[in-house]
Protein chains: 2
Amino acid sequence: MTGAGRRSGQDTKARIQEVALTLFTEQGYEATSMREIAERLHITKAALYYHFKNKEDIVVSLFGRQMAAVDDLIDWVADQPPGPGLPREVVERWVALSSELGVRLFRFAMANQHVLRELKPRREGAFERFQVLLDAITDPDAPVAEQLRTRVALLSVQMCLMAGRGLEATDDELTDAARALALELLGPPARPAAGTGAGAGAAGTGTGA
Amino acid sequence: MTGAGRRSGQDTKARIQEVALTLFTEQGYEATSMREIAERLHITKAALYYHFKNKEDIVVSLFGRQMAAVDDLIDWVADQPPGPGLPREVVERWVALSSELGVRLFRFAMANQHVLRELKPRREGAFERFQVLLDAITDPDAPVAEQLRTRVALLSVQMCLMAGRGLEATDDELTDAARALALELLGPPARPAAGTGAGAGAAGTGTGA
DNA sequence: GTCTATACCCCGATAGAC
DNA sequence: GTCTATCGGGGTATAGAC
C-alpha cells in the first residue's frame with residue numbers, strides 16, 4: 001500500500017536517476033548542478049543527499065549494473081588461457097556488452113571519461129579496468145604494429161559509436177558495423193590449431209543482447 | 001633589458017601556462033582550481049585574471065596555434081571538390097598535424113573533450129569542428145559500413161594514442177602505426193581516374209612534421 | 001524513513017586600492 | 001602588475017520537522 005498518494009523513497013530515487021541521466025547527457029556532468037536536478041523534481045538539494053552519498057554516487061548508481069558486467073568480463077578473461085582466439089572472443093563479448101548496456105549510456109561514458117575515471121567502487125577506475133581488457137588481449141611478443149591492431153580493434157566499438165554521430169543509422173546498424181570492423185582488424189579467424197578447444201559458439205554468452 | 005632581475009609580464013604569463021598545462025594534464029581541468037595554479041607561482045588568484053580572461057582562456061591560449069591549424073585544414077577541405085582521393089589526403093594531413101602538435105597536447109585534448117567542446121573562439125566548438133572533417137570525407141551515398149570505415153580511419157590517430165598507453169612504444173611509432181592503419185582502412189588508393197588531378201604529392205604540405 | 005532549513009567552505013570572477 | 005575584499009553559486013554536512 002505504499003504506491004498510492006504518497007511518494008515512496010524508491011520512486012523518488014528512480015526519478016532522481018532519470019532526471020540526472022537526462023541532464024548529464026544533455027549538458028554534461030559538471031555543467032549540471034545538484035540544485036538543478038532538485039528543482040526539476042520540486043525537492044531540495046538536501047533531499048538528494050538522503051538518497052545518494054554525493055553527486056558522483058548518482059553516476060555510480062546509473063552505471064552499477066554495467067560496471068559489474070565489465071567486472072565479470074574481466075574476471076572471465078583472467079581465467080582464460082592466452083591464445084590466438086582470445087581477442088576475438090573478448091571483442092565479441094565486448095560488443096554484446098556494449099549493445100546490451102545501451103548506446104545511450106555508452107555515449108555518456110565516453111563523453112564523460114573524466115568522471116568515470118575517478119570512480120573507485122571496486123578495482124581502480126572505469127578507465128583502468130578497460131586497460132586490463134586491452135592488456136589481456138595483447139601479445140607482448142608481437143611487433144608494436146600488431147599489438148596496436150589488436151587493441152584498436154577493441155576500441156573501435158567506441159569509435160564507431162562516436163563516429164556514427166550525425167550519420168543516418170540506427171544503433172543496431174552501428175553496433176553491427178562496429179563488430180564487423182573489429183573482427184576485420186583482428187585478421188582472419190585463427191583456426192583452432194591443435195590443443196586449444198575454445199573457439200566454438202562465439203558470442204551468445206548469457207545475456208543474449 | 002627586461003630579462004634580468006625583474007619579472008616581465010610575458011614571463012609570468014608563460015609560467016602560468018606552463019603550470020596550468022602540467023596540472024590540467026595531471027589531475028584534469030575541473031580538478032585544478034585557479035587558486036592551486038596561483039599558489040604554485042606564489043601569486044594570488046586575482047593576478048591570474050590580469051593575464052587571462054578566465055579559466056577557459058588559459059586552455060584557449062594553450063591550444064591557440066593548434067586550433068588555428070585545424071581551422072586551416074577545415075578551410076582547405078571546404079575548397080576541395082569531393083572525390084575518392086579526398087579522404088586519403090585529409091587523413092595524411094590530419095596525421096601530420098597530430099604529430100606536429102605533439103602527442104602530449106593531443107592526449108590532453110582527448111582526456112578533456114568536455115572542455116574543448118565548450119570553447120567558442122571561432123566557429124562552434126573544437127568537437128564540432130572535428131565533425132566537419134568527418135562529414136567532409138563521408139560519402140552520403142555509400143553504405144553505412146563503408147561510411148564508418150572512412151570516419152574511423154580519421155579517428156585512428158586518436159585511437160592509437162589511446163590504445164598505446166601502457167605499451168612500450170615511442171610516440172613516433174604510434175603515429176606511424178596510426179597512419180598505416182588509417183590508410184589500410186581507406187582501402188587501396190583510388191587511381192586518379194580521369195578528371196581529378198589532385199592526388200600528387202600526398203602529405204608534405206607546409207609544416208613537414 | 002523522508003524531506004526541509006540552514007550553514008560551511010571552496011570555486012570562478014570582479015572591483016578597486018596600491 | 002599585483003593585491004585585498006567581496007560576490008554569487010557550487011557541493012556537502014547536519015539538525016530537526018513530519
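Throughout, a chain's letter reflects where its sequence line sits, starting with A, and its residues are numbered from 1.
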Donor-acceptor contacts under 3.5 Å from residues 42-53 of chain A side chains, at least two apart:
none

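- Taking 4.0 angstrom as the limit, B:Y49 places a side-chain polar atom (N or O) nearer than this to OP1 or OP2 of C:dA13.
- Residues of residues 32-45 of chain A having a heavy atom closer than 4.0 Å to DNA chain D, listed by number: A:T32, A:S33, A:M34, A:R35, A:K45.
- A sub-4.0 Å separation between OP1 or OP2 of C:dG1 and a side-chain N or O of A:H51 is absent.
- Counting to the nearest Å, the C1' atom of C:dC3 and the CD1 atom of A:I16 are 11 Å from each other.
- Spacing between atom CZ of A:F52 and atom P of C:dC3 amounts to 12 Å, rounded to whole angstrom units.
- Atom CG in B:D57 sits roughly 14 Å away from atom P in C:dG12 (whole-Å rounding).
- In this entry the distance linking CD1 of A:I58 with C1' of D:dG11 reads 11 Å, nearest Å.
- Side-chain atoms of B:Q147 never come within 3.5 Å of backbone atoms of B:T138 as a donor-acceptor pair (strictly under, hydrogens ignored).
- In this structure, A:K13 places its NZ atom 15 Å from C1' of C:dC3, rounding to the nearest Å.
- Per the geometry, CG belonging to A:L48 stands 14 Å off P belonging to C:dT2, to the nearest Å.
- Relative orientation of the A:W94 and A:F130 rings is tilted, given thresholds of 30° and 60° on the angle between their planes.
- Atom CG in A:N54 sits about 13 Å away from atom P in D:dT14, given to the nearest Å.
- The two atoms that bring B:A96 and B:S99 nearest to each other are O-OG, 3.1 Å, heavy atoms only.
- For B:A47, whose side chain is taken as the heavy atoms from C-beta onward, the closest listed nucleotide among D:dC3, C:dC3, D:dG11 is D:dC3.
- Of the charged side-chain nitrogens involved, none lies within less than 4.0 Å of a carboxylate oxygen, so that A:R40 and A:E18 do not count as a salt-bridged pair.
- Residues forming a ring-ring contact (aromatic ring centres under 6.0 Å, His included) with B:F24 (at least two apart in sequence, or on another chain): B:Y29.
- If you measure from atom OH of B:Y50 to atom C1' of C:dC18, you get 15 Å, rounded to the nearest angstrom.
- For the OP1/OP2 pair of C:dC3 and a distance below 4.0 Å, the side-chain nitrogens and oxygens of A:T12 include at least one atom meeting the criterion.
- Between the CZ atom of A:R165 and the SG atom of A:C160 there is a distance of 14.5 Å, given to the nearest 0.5 Å.
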